Amino acid sequence: MKRITSKPAVLAIIMACVASPLSAQESLPIRNCTWCHGSSAQGYTSAPRIAGQTHRYIENSLLSFKSHARDNPASKQYMWGAAANLSGETARGFAVYFSELPASPANDGDEALASEGKSIYVEGRPASNVVSCIVCHGPNAEGFEGIPRLGGMGHDYLKRRLEQWNEGYHAAAEPMPRIAKRLSANEIEALASYLSFVR
Ligand code: HEC
Ligand code: HEC
């Protein structure tokens, strides 16, 4: 667990929040997250990859679960409880920790749709008022500060997020509700496929 011991400042923040002393190897707070998000935080079943996500976005997300602004069904079921007792400082500690872990691409989309997805990502669809994603999420879908990294995230997760904005969930996540509203089911499928392969 070299990566934990190499981050004493973050660890100190996290360790300060547990009642009993723990060795780095038995770092319970991290395991409170990784038992759902996967041991190296690459995502597992419905829990998305959080390794390598921008720290600002992770922190914002944790606070939005805590305030219930992010009200997607799986958020409610899994993350409202996980974030309920996090202080701002602890949320920041987790955010920095997970942002520094290496991220692997899920590569689980439909390869046949990747080139169409890339063209929507880069150029948008001016005829149907779909904006290009690249202007905010970056040339390599790497994200920036509060704008999340999308490259290499799981197909099913990306698809569900884009669909759920159209169903009215997480309405506070400006500007995504009005962007996602313009996307057809086929465009969502193509975007989620393309992004799953981006490194
Ligand atoms: C019981 C399972 C579970 C636990 C425990 C859990 N998570 Fe989650 N987490 C999820 C699921 C499922 C989602 C996806 C929610 C959705 O689809 O809206 C999620 C979403 C997230 C997101 C949003 C990711 C994104 O790309 O928008 C972050 C950040 C996050 N979790 C961080 C954490 C941290 C930090 C911890 C530990 C304090 C933690 N999670 C504990 C299941 C869990
Ligand atoms: C004007 C800037 C902007 C544009 C353009 C934009 N996004 Fe976003 N996107 C954001 C921001 C900011 C968030 C974080 C919202 C929040 O949770 O508060 C986000 C979040 C997301 C998420 C959630 C990721 C996660 O980890 O849960 C997905 C998926 C997404 N955007 C896809 C897209 C796609 C696909 C396009 C192009 C059709 C696009 N975005 C265009 C700014 C933008």
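Only a predicted model underlies this, so the values are computations on that prediction, with no experimental measurement involved.
Taking each heavy atom of Y44 and G38 in turn, the nearest pair found is CB-N, 4.0 Å. Here the closest non-hydrogen pair linking P177 and A171 is CG-O, 3.5 Å. Smallest separation of non-hydrogen atoms from C36 and A47: O-CB, 3.4 Å. In plain terms, the two heavy atoms of G52 and R149 that are nearest each other are O-NH1, 3.1 Å.
For the side-chain hydrogen bond (donor to acceptor under 3.5 Å, both in side chains) test with N72, the passing option among R160, Q164, Q77 is Q164; the others fail. Shown are P148, S99, S61; of these, the side-chain contact (heavy atoms from CB on, under 4.5 Å) with Q53 is made only by P148.
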Going through the checks in order, is the side-chain contact (heavy atoms from CB on, under 4.5 Å) test met by W80 and D71? CA-CA 9 Å; W80 283 13; D71 57 356; 4.0 Å; yes
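Checked by atom type and distance alone, the side chain of Q42 pairs as donor or acceptor with a backbone atom of P102 at under 3.5 Å. Between the side chain of R49 and the main chain of A103, no donor-acceptor pair closer than 3.5 Å is present. At least one donor-acceptor pair under 3.5 Å links the side chain of W165 to the backbone N or O of H170. In this structure, T54 contributes its side chain and E145 its backbone to a donor-acceptor pair below 3.5 Å. Side-chain atoms of T90 do not come within 3.5 Å of backbone N or O of L86 as any donor-acceptor pair.
At a threshold of 4.5 Å between non-hydrogen side-chain atoms, the residues S67 and R70 do not count as touching.
Distance CZ/F98 to SG/C33: 4.0 Å, rounded to 0.5 Å. Atom NE2 of H37 is separated from atom CZ of R31 by 15.5 Å, given to the nearest 0.5 angstrom. Interatomic distance, F94 CZ to N32 CG, rounded to the nearest 0.5 Å: 6.5 Å. Separation of atoms SG (C133) and OH (Y121) is listed at 6.0 Å; rounding is to 0.5 Å. Atom-to-atom distance recorded for N166:CG and R182:CZ is 11.0 Å, nearest 0.5 angstrom. Rounding to the nearest 0.5 angstrom, the gap separating the OG atom in S75 from the NE2 atom in H68 is 10.5 Å.
There is a path of hydrophobic side-chain contacts, each under 4.5 Å, that joins V130 to I134. Residues L158 and M176 are members of one and the same hydrophobic cluster, defined by side-chain heavy-atom contacts under 4.5 angstrom among Ile, Leu, Val, Met, Phe, Trp and Tyr. By the criterion of side-chain heavy atoms lying less than 4.5 angstrom apart, applied directly or through intervening Ile, Leu, Val, Met, Phe, Trp or Tyr residues, Y57 is not grouped with M79; the two fall into different hydrophobic clusters. Hydrophobic clustering keeps L113 apart from V122 (ILVMFWY residues linked when any side-chain heavy atoms are closer than 4.5 Å, directly or through intermediates). Hydrophobic clustering keeps Y169 apart from L162 (ILVMFWY residues linked when any side-chain heavy atoms are closer than 4.5 Å, directly or through intermediates).
Taking the salt bridge (charged side-chain N to carboxylate O under 4.0 Å, His left out) definition, one finds that R161 meets it with nothing, sequence neighbours left out. Taking R125 as the reference, nothing meets the salt bridge (charged side-chain N to carboxylate O under 4.0 Å, His left out) condition, with sequence neighbours excluded.
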Can I get a per-line list of side-chain donor-acceptor pairs under 3.5 Å for residues 188-199, giving both atom names and the distance, sequence neighbours left out?
from: E189; atom 1: OE1; to: K159; atom 2: NZ; distance (Å): 3.2
from: E189; atom 1: OE2; to: H155; atom 2: NE2; distance (Å): 2.7
from: S193; atom 1: OG; to: D110; atom 2: N; distance (Å): 3.0
from: S193; atom 1: OG; to: E189; atom 2: O; distance (Å): 3.0
from: S196; atom 1: OG; to: D108; atom 2: N; distance (Å): 3.4
from: S196; atom 1: OG; to: G109; atom 2: N; distance (Å): 2.9
from: S196; atom 1: OG; to: S193; atom 2: O; distance (Å): 2.9

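Summarising the local packing, NE2 of H55 is surrounded by 12 or fewer heavy atoms from other residues, nucleotides or ligands at distances under 6.0 Å. Within a 6.0 Å sphere centred on NZ of K66, other residues, nucleotides and ligands contribute more than 12 heavy atoms. More than 12 non-hydrogen atoms from other residues, nucleotides or ligands lie less than 6.0 angstrom from CD of E167.
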